[in-house]
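Since the structure comes first, as structure tokens, the remarks are kept for the end.
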Amino acid sequence: QVQLQESGPGLAQPSQTLTLTCTVSGGSVTGSYYAWSWIRQPPGKGLEWIGVIAYDGTTYFNPSLKSRTSISRDTTKNQLSLQLKALTPQDTAVYYCSASRKLGFPITVSEYDYWGQGTQVTVSS
């Protein structure tokens, strides 16, 4: 059973870069069984897929966020990271780390089987 735990700053300033970390247990970020994504939910809105990293490190991003987003992994710590640049208040959301057993690059939230509990990020000056 894969377990995911997000961590982050909670509060961020506009124009800054946000870095979130996801610690994975019960599965390897380099194993071929899973694809790993970041997904967010702004207040009062639906879930929005941000981007995915495959077992081999290849990434694919939501076109609307691609210019500001990067996803990486630390294989020694079995962790994933999300960086989101040039923050605005519209980036305020609960951010989730998730895992899919579907091969390739699953880009819809319904394809994800395991979810962390989420971490709130508020962008405000």
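Please read these numbers as outputs of a predicted model, since none were measured by experiment. Numbers here simply count residues along the sequence, with the first being 1. Side chains are part of it too, since the values below use all heavy atoms of this structure and drop only hydrogens, waters and symmetry mates.
Across every non-hydrogen atom of Glu6 and Gln117, the tightest pair is OE1-N, 3.3 Å. Nearest heavy-atom pair, Pro9 versus Leu20, reported as atom, atom and distance to 0.1 Å: CD-CD2, 3.8 Å.
When atom types are taken as modelled, the side chain of Asn78 and the backbone of Val29 share a donor-acceptor pair closer than 3.5 angstrom. A distance-only check finds no donor-acceptor pair linking the side chain of Ser81 to the backbone of Arg73 [under 3.5 Å]. Looking at Asp113, its side chain never comes within 3.5 Å of a backbone N or O of Ser100 through a donor-acceptor pair.
A single hydrophobic cluster is not seen to contain both Leu82 and Trp49; linkage of ILVMFWY side chains at heavy-atom distances under 4.5 Å, directly or through other members, places them apart. Linking Ile, Leu, Val, Met, Phe, Trp and Tyr residues whenever their side-chain heavy atoms come within less than 4.5 Å places Leu47 and Val94 in a single cluster. Under the 4.5 Å side-chain heavy-atom criterion for ILVMFWY residues, no single connected hydrophobic cluster contains both Tyr96 and Ile71.
No side-chain heavy atom of Arg101 sits less than 4.5 Å from a side-chain heavy atom of Tyr33. Contact of the Leu103 side chain with the Tyr55 side chain is not registered, since no non-hydrogen atoms from C-beta on lie closer than 4.5 Å. In this structure, the side chains of Val52 and Trp36 stay at 4.5 Å or more apart for every pair of heavy atoms. By the 4.5 Å heavy-atom criterion applied to side chains, Leu18 and Lys85 are not counted as neighbours. Within the 4.5 Å cutoff, side-chain heavy atoms of Ile50 are placed close to those of Tyr95. Side-chain contact between Pro14 and Leu87: absent, with no pair of heavy atoms (C-beta onward) separated by less than 4.5 Å. Under the 4.5 Å side-chain criterion, counting only non-hydrogen atoms from C-beta, Leu80 is not in contact with Thr21. Using a 4.5 Å cut-off on side-chain heavy atoms (C-beta onward), Tyr112 and Ser37 make contact.
Between the CH2 atom of Trp38 and the OG atom of Ser98 there is a distance of 9.0 Å, given to the nearest 0.5 Å. The distance from the OG1 atom of Thr92 to the CD atom of Gln41 is 13.5 Å, given to the nearest 0.5 Å. From Gln83, atom CD reaches atom OG1 of Thr17 across 6.5 Å, with rounding to the nearest 0.5 Å. One finds the CD atom of Gln3 at 12.5 Å from the SG atom of Cys97 (value rounded to the nearest 0.5 Å). In this structure, OG1 in Thr69 is found 8.0 Å from CG in Asn62, a value given to the nearest 0.5 Å. In this structure, CD in Gln16 is found 12.0 Å from CG in Leu84, a value given to the nearest 0.5 Å.
Taking the six-membered ring where the residue is Trp, Tyr60 and Phe105 present tilted rings, their angle falling between 30° and 60°.
Under the side-chain contact (heavy atoms from CB on, under 4.5 Å) test applied with Glu48, the options Ile39, Leu65, Val109 reduce to a single match, Leu65.
For the 3.5 Å distance criterion, the side chains of Gln79 and Thr23 qualify, holding a donor opposite an acceptor. Of the N and O atoms on the side chains of Ser124 and Thr122, not one donor lies less than 3.5 Å from an acceptor on the other residue.
For Lys102, the salt bridge (Lys or Arg N to Asp or Glu O under 4.0 Å) partners are Glu111, not counting sequence neighbours.
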